[in-house]
Amino acid sequence: MQTLNTDLNTDIVLITQSANITISEHGGRAKCLQRLLRMELPVPRTVALSFALIHKIAAGTFTNMGKILDHFDSKTLLCVRPSSENTEWGGPSAILNVGINDETFKEISITLGDKVAANMYLSFVRAYSIHVARLDPEVFDSIEGNDEIALANALRAFEDETKEKFPQQKSIQLQEVLRSMARAWESTTARLLREANGAPADAGLGLIVQKMAL
């Protein structure tokens with residue numbers, strides 16, 4: 001079994017040209033982004049989360065989202081993407097627009113228009129509901145369009161299914177997205193599929209948290 005590093009200085013790393021990013025600890029996607037920065041290409045602000053930290057998140061032993069969110073402006077929307085050692089080993093689907101809520105929806109409506117804002121919020125509600133809350137996709141398949149009416153219907157469907165309001169705090173959204181992706185990677189089915197593609201049984205997953213480029 002691989003040794004898990006528990007040093008937050010390497011577990012949560014802002015990707016810069018000189019940051020300590022390695023494929024063996026943070027995955028290929030994180031290293032690729034660092035290479036792009038070293039080529040002086042534009043890369044949105046990105047934080048790499050190590051294999052060790054994702055393992056802890058899957059086990060429910062890390063919940064301090066502030067250590068991640070402190071790297072971003074409070075109004076910044078985020079995306080979370082997988083970063084394994086080998087892209088052929090697969091990984092959970094990326095989740096976009098983390099941090100959008102009723103308040104930011106209104107702000108985006110002013111700057112980008114109602115339709116764009118509604119589509120962004122609706123896409124996140126659907127992704128969160130299906131991949132994080134694990135609700136039946138068919139509940140949302142029946143919602144047509146991508147306007148404010150469709151958004152209202154999706155938020156109502158989430159509440160009907162979970163008996164809770166859709167989460168509005170970015171820290172809670174991020175925590176649940178990371179936990180869901182971490183646990184999906186460590187599930188028995190995912191492990192067996194990776195092993196069929198030549199991955200070691202203890203292959204780790206890194207995640208990258210990145211500023212959305214609107």
Side-chain angles (χ1 to χ4, degrees), residues 8 12 14 44-49 53-54 56-82 92-185 207-214:
L8 283 179
I12 302 172
L14 178 66
R45 190 174 184 85
T46 307
V47 170
L49 308 182
L53 183 61
I54 300 311
K56 291 198 293 185
I57 290 173
T61 58
F62 180 85
T63 57
N64 189 347
M65 294 299 110
K67 290 186 177 294
I68 301 169
L69 291 173
D70 284 349
H71 289 284
F72 301 95
D73 183 87
S74 62
K75 297 294 185 180
T76 297
L77 299 185
L78 306 171
C79 62
V80 182
R81 303 180 189 276
S93 299
I95 303 291
L96 310 182
N97 298 319
V98 177
I100 195 167
N101 56 25
D102 295 347
E103 180 181 350
T104 54
F105 164 69
K106 294 176 183 176
E107 294 172 355
I108 295 170
S109 294
I110 295 172
T111 56
L112 299 179
D114 294 343
K115 187 172 183 179
V116 171
N119 188 40
M120 290 173 61
Y121 198 178
L122 176 60
S123 295
F124 178 61
V125 171
R126 280 179 167 149
Y128 188 96
S129 298
I130 294 168
H131 299 294
V132 180
R134 306 294 177 184
L135 301 182
D136 188 343
E138 291 186 1
V139 173
F140 299 90
D141 289 343
S142 61
I143 297 174
E144 299 180 353
N146 58 0
D147 55 12
E148 290 186 64
I149 294 175
L151 171 60
N153 289 336
L155 289 169
R156 188 179 303 111
F158 180 91
E159 186 174 347
D160 289 344
E161 293 294 317
T162 64
K163 309 307 178 188
E164 297 177 351
K165 294 284 189 181
F166 191 80
Q168 297 293 299
Q169 290 181 261
K170 184 190 292 186
S171 58
I172 293 176
Q173 292 178 1
L174 180 62
Q175 176 178 295
E176 295 307 312
V177 166
L178 294 178
R179 180 180 293 147
S180 175
M181 294 174 77
R183 289 179 174 174
W185 175 265
L207 292 174
I208 61 171
V209 180
Q210 187 175 59
K211 176 181 178 180
M212 286 287 297
L214 300 180

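- Here the closest heavy-atom approach between residue Ala154 and residue Phe140 is recorded as O-CE2, 3.7 Å.
- Across all their heavy atoms, Ala213 and Pro44 have their closest contact at CB-CG, 4.4 Å.
- Surrounding CG of Leu14 are more than 12 heavy atoms belonging to other residues, nucleotides or ligands, all under 6.0 Å away.
- When atom types are taken as modelled, the side chain of Ser129 and the backbone of Val125 share a donor-acceptor pair closer than 3.5 angstrom.
- Lys211 places no side-chain N or O within donor-acceptor distance of the main-chain N or O of Asp73, the cut-off being under 3.5 Å.
- Sorted by first then second residue, the side-chain hydrogen bond (donor to acceptor under 3.5 Å, both in side chains) pairs that include residues 116-126, not counting sequence neighbours, are Asp102-Tyr121, Tyr121-Gln168.
- Within the model, atoms CD1 of Ile54 and CZ of Arg183 stand 12.5 Å from one another, a figure rounded to the nearest 0.5 Å.
- For Ala184 against Arg134, the heavy-atom pair with the smallest separation is CB-NH2, 3.8 Å.
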*Is there a side chain to side chain contact (heavy atoms under 4.5 Å, CB included) between Gln175 and Ile172 once you walk through the steps?*
CA-CA 5 Å; Gln175 176 178 295; Ile172 293 176; 5.6 Å; no
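- Between Leu96 and Phe124, the shortest heavy-atom contact is O-CD1, 3.2 Å.
- Leu69 and Ser171 get closest at one heavy-atom pair: CD1-CA, 3.7 Å.
- Contact of the Leu77 side chain with the Met120 side chain is registered, since non-hydrogen atoms from C-beta on lie closer than 4.5 Å.
- Gln173 places a side-chain N or O within donor-acceptor distance of the main-chain N or O of Ile100, the cut-off being under 3.5 Å.
- Side chain of Thr104 to backbone of Asn101: a donor-acceptor contact under 3.5 angstrom is found.
- Between the side chain of Arg45 and the backbone N or O of Phe72 there is no donor-acceptor pair closer than 3.5 Å.
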*Could you walk me through whether Leu49 and Ile12 pass the side chain to side chain contact (heavy atoms under 4.5 Å, CB included) test, one step at a time?*
CA-CA 5 Å; Leu49 308 182; Ile12 302 172; 4.0 Å; yes
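- Shortest non-hydrogen contact noted between Gly99 and Lys170 is CA-CG, 3.8 Å.
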*So Tyr128 and Ile95, side chain to side chain contact (heavy atoms under 4.5 Å, CB included) or not? Walk me through it.*
CA-CA 8 Å; Tyr128 188 96; Ile95 303 291; 5.9 Å; no
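- Taking NZ of Lys75 as the reference point, atom CD1 of Ile108 lies at 10.0 Å (rounded to 0.5 Å).
- Under a 4.0 Å N-O distance rule, the pair Arg156/Glu159 does not qualify as a salt bridge.
- Using a 4.5 Å heavy-atom cutoff, the side chains of His131 and Pro92 are not in contact.
- Atoms CG and CD1, on Asn153 and Ile143 in that order, are 5.5 Å from each other to the nearest 0.5 Å.
- Going from atom OG of Ser180 over to atom CD1 of Ile57 covers 11.5 Å, rounded to the nearest 0.5 Å.
- Residue Glu107 qualifies as enclosed at atom CD: its count of foreign heavy atoms under 6.0 Å is above 12.
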_Thr76 and Leu78: CA distance, side-chain angles, deciding distance, side chain to side chain contact (heavy atoms under 4.5 Å, CB included) verdict_ = CA-CA 6 Å; Thr76 297; Leu78 306 171; 3.9 Å; yes
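- When atom types are taken as modelled, the side chain of Thr46 and the backbone of Ile208 share no donor-acceptor pair closer than 3.5 angstrom.
- Note that CG of Leu122 and CZ of Phe105 are 10.0 Å apart. Values are rounded to the nearest 0.5 Å.
- In this structure, CG in Leu155 is found 9.0 Å from NZ in Lys165, a value given to the nearest 0.5 Å.
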